[in-house]
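First comes the structure, then the notes that go with it.
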Amino acid sequence: MKTITDSLALDQIFQDLLKLTPGSIKDDISMADISLWDSLHHMELILTIEEKFGIELSFDEISKMQNIGEIRKIVAEKTNK
Amino acid sequence: MQSLENKICIVTGGAGGIGFAIANHLLAKKAIVIILDKDLDKLNSLSKHSNLYTYKCDVTNESEIEKTILEISNKFEKIDVLVNNVGILYSAPLISLGTSGIQKHDSLDWEKVIATNLSSAFYTSKHVVEVMLKKRIKGVIVNISSVSAKGNAGQSAYSAAKAGLEALTKVWSKELALIGIRCFAVAPGFCDTESTRAAIGKEMLDETIRRVPLRRLGKVDEIAELTLSGIQNDFFNGKIIEIDGGLVI
């Protein structure tokens, strides 16, 4: 991620869509840990991230985004290009 | 979706009646309209328009739909609007007592009506929504229901199919809103179409008209106008709009 602002923006998306509190956003939190994070909300999460950061994620990348850490890593890679 | 110009719009069963009226209204708004119909003669008889494309497709056959939607998405690169209009009007009581004794609703007729009016919308929508998601299109799904969804005596299959279609409308409006796709339904009352006249005898039709407060059948253009206003309104989602001259109040 280019800036701290980008990182905060991503955290804000996790808070808004997955109802996580700021202190509970950890890299190892996965879909299995949060009942709200089902396949439907996963699509919403992905599209929201794409729109916010002006990126397009491939289905290969989306399938890897199963936890917060992977999402951070892939978004950072895409935004640093 | 305020402007429909160059939007790719699919209308199933669009070669006649309400579907064709919707197609024409979309064309008038400069949309690119793709009509799916299994009746090749009807498709061939449609007047030519530079923005009108037709595909012969039986929407009760999922593999045929899948192939057709793939062809369409390859050619047009996206799909913005799907109007699930295809349907057959069918009337038969569950059981009746005639001169030849007790007659029961034919189960093959039941399956045909459910396949045409309900399963077709399910099959077509899932393949179209896949394209919308892949292309990141915030599209619209419109289901053409009927006031019969409330339960018309003598229409077990048709009423059940349309009620099912309205249930799908509510489910999809909640599910698909998460990815920016809207879904709503239009439920017309009795309209002045060939299929209405063919399915209902003159006596029953006259009786129906007497029950409509406005004392007439609906016009297909009236249904099409309402459908387009729902498509163009970005805050309209999940609702069933009844347009029946006040028949169901």
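Below, chain A is the first sequence line, B the second, and so on; all start at residue 1.
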*Could you tell me whether A:E51 atom CD has more than 12 heavy atoms of other residues or ligands within 6.0 Å of it?*
no

*Assess whether atom NZ of B:K78 is packed by more than 12 heavy atoms of other residues, nucleotides or ligands within 6.0 Å.*
yes

*asked:* Looking at A:E56 and B:R136, is there a salt bridge between them, counting it only when a charged N and a carboxylate O are closer than 4.0 Å?
replied: no

*Which bit of A:L47 comes within less than 4.5 Å of chain B, counting heavy atoms only: side chain, backbone, both or neither?*
side chain

_To the nearest 0.5 Å, what is the distance between NZ on B:K134 and OG on A:S58?_
12.5 Å

_B:L178: which of A:H41, A:H42, A:M43 passes side chain to side chain contact (heavy atoms under 4.5 Å, CB included)_ = A:H41

